[in-house]
2 protein chains.
Amino acid sequence: METRRDVFHAIADPTRRAILHMLAGKKMNLNTVADQFDISRPAISRHIKVLTECGMVIIKQEGRERYCIANPGPLSEVETWMKTYKAFWADSLDALDEFLKKQRIRKK
Amino acid sequence: METRRDVFHAIADPTRRAILHMLAGKKMNLNTVADQFDISRPAISRHIKVLTECGMVIIKQEGRERYCIANPGPLSEVETWMKTYKAFWADSLDALDEFLKKQRIRKK
DNA sequence: TATATACGTAACAACATTGTTACGCAAATC
DNA sequence: GATTTGCGTAACAATGTTGTTACGTATATA
């Protein structure tokens, strides 16, 4: 049991994915982001904090404004993880296939 | 605030990723999986339940044994999600680039 | 200088997650 | 039939997460 703040954890939350969605293509400041959601600004603030902690969002301070800029970079970790096991999983899929075939036969 | 049991949530936990790692390439029954971890069998049981709920693991009952088979299929959702925003994120990267350039200039 | 704006953050409540032990039940084995 | 094995699950404690309101602080503006 420990606090986990990596990319996998960051993108696990639908609100955070929605925030990333909004930031994709245009930088926005926090209040503009918060206006699009029904939840409070502090809640959004902490979601964005989680995103910055794993590098998915970078904050650009400009006077009293803080622009949020999406950074897909850390997603490569997720991509790598998926790629790494795809070859192994192919074997699993064989086993799964075999299993499903047997099931189909049983149902006949 | 709601219970979320999708692929994103499933792979967010390192223990579950480790379980998927173990299952990649060979089906195993629950006790065999649990033996590899320091945490209790019921805990593993529930992790696997989360994985089955999102389709990442499929259970093949054989007598009193229940083989766990990894299924990478649902990961396509993650892949699709990443691909969808890559084009948009390119723009974000431009903004990020610009920001970093300005920072570099400032530091001179 | 007074005020509005754009945040961060502390303090709290509600709920989710993750672990534990204890128990139950069905399949295999004796 | 009694025991062992493989597993699910209930009940509980500890901790994490996510939301809220209330407040503080720095920057822009009147």
Side-chain angles (χ1 to χ4, degrees), chain A residues 1-23 26-54 56-70 99 102 106, chain B residues 1-23 26-54 56-70 99 102 106:
Chain A
M1 280 205 269
E2 86 242 37
T3 308
R4 290 178 291 262
R5 289 284 174 88
D6 60 0
V7 198
F8 291 94
H9 170 255
I11 65 171
D13 185 277
T15 303
R16 283 194 288 271
R17 289 202 299 279
I19 291 173
L20 287 173
H21 190 160
M22 291 187 52
L23 293 178
K26 50 176 178 275
K27 63 183 185 197
M28 299 172 64
N29 55 29
L30 197 140
N31 280 335
T32 314
V33 174
D35 284 346
Q36 318 277 334
F37 292 90
D38 280 341
I39 57 182
S40 69
R41 188 185 48 75
I44 298 294
S45 177
R46 278 206 312 271
H47 277 308
I48 287 180
K49 193 178 182 188
V50 170
L51 290 169
T52 58
E53 277 171 5
C54 75
M56 288 289 301
V57 163
I58 286 167
I59 303 294
K60 179 185 180 182
Q61 182 102 31
E62 254 177 35
R64 69 183 170 187
E65 312 237 347
R66 299 163 56 88
Y67 287 106
C68 305
I69 304 174
F99 165 54
K102 279 180 192 162
R106 245 175 260 148
Chain B
M1 279 203 267
E2 86 242 39
T3 308
R4 290 178 291 262
R5 286 287 173 88
D6 58 1
V7 197
F8 291 94
H9 171 253
I11 65 171
D13 186 277
T15 302
R16 283 194 289 270
R17 288 203 300 278
I19 291 173
L20 288 174
H21 190 160
M22 289 186 54
L23 293 178
K26 49 177 180 275
K27 64 184 185 196
M28 300 171 63
N29 56 27
L30 196 141
N31 280 335
T32 314
V33 174
D35 284 346
Q36 317 278 333
F37 292 90
D38 281 340
I39 57 181
S40 69
R41 188 185 48 73
I44 297 293
S45 177
R46 276 205 315 269
H47 276 308
I48 286 178
K49 193 178 184 190
V50 171
L51 290 169
T52 59
E53 277 171 3
C54 75
M56 288 289 304
V57 163
I58 285 165
I59 302 294
K60 180 184 181 183
Q61 182 102 31
E62 255 178 36
R64 70 181 170 187
E65 313 235 346
R66 299 162 57 85
Y67 287 104
C68 305
I69 305 175
F99 164 55
K102 280 182 191 158
R106 245 176 258 145

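Proteins come first, then strands; the chains are lettered A, B, ... in the order of their sequence lines, and each starts at number 1. This is a predicted model, so every value here is computed, not measured.
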Phosphate-side-chain proximity, His9(B) and dT17(C), N/O vs OP1/OP2 below 4.0 Å: yes
Phosphate OP1/OP2 of dT9(C) contacted by Arg41(A) side-chain N/O (<4.0 Å): no
Atom-pair distance (CG on Asp13(A); C1' on dT17(C)), nearest Å: 14 Å
Any Asn31(A) side-chain nitrogen or oxygen under 4.0 Å from OP1 or OP2 of dC7(C): yes
Which nucleotide in dG19(D), dT4(D), dT21(C) has an atom nearest any side-chain atom of Arg64(B): dT4(D)
Residue His47(A), side-chain atoms from C-beta onward, closest of dT20(D), dG19(C), dT18(D): dT18(D)
Side-chain N or O of Ser40(A) closer than 4.0 Å to phosphate OP1/OP2 of dT20(D): yes
Value in whole Å for how far the P atom of dT17(D) lies from CG of Leu51(A): 14 Å
Distance in angstrom units between Ile48(B) CD1 and dG6(D) C1', rounded: 12 Å
d(CD1, Ile44(B); P, dG19(C)) in whole Å: 7 Å
Test item: Gln61(B) side-chain N/O and Gly63(B) main-chain N/O as donor-acceptor pair under 3.5 Å: yes
Of the listed nucleotides dG19(C), dT21(C), dG8(C), the one nearest the side chain of Ser45(A): dG8(C)
Taking every non-hydrogen atom, the tightest pair across Thr32(B) and Gln36(B): O-CG, 3.3 Å
Interatomic distance, Ile39(A) CD1 vs dA14(C) P [rounded to whole Å]: 19 Å
Separation of Leu51(A) CG from His9(A) NE2 (nearest 0.5 Å): 10.0 Å
Length of the line joining Lys60(A):NZ and dT27(D):P, which is rounded to integer Å: 18 Å
Which residue lies more 5' along DNA chain D, comparing Leu30(B) with Arg46(B) via nearest heavy atoms: Leu30(B)
Separation of atom CD in Gln61(B) from atom P in dA28(C), rounded to whole Å: 10 Å
Position toward the 5' end of DNA chain D (nearest nucleotide), Pro42(A) or Tyr67(B): Tyr67(B)
Atom-to-atom span, CD of Glu62(A) to C1' of dA28(D) - whole angstrom: 14 Å
Arg16(B) side chain to Ala10(B) backbone, donor-acceptor under 3.5 Å: yes
Closest contact, heavy atoms only, Ala12(A) versus Arg17(A): O-NH1, 3.3 Å
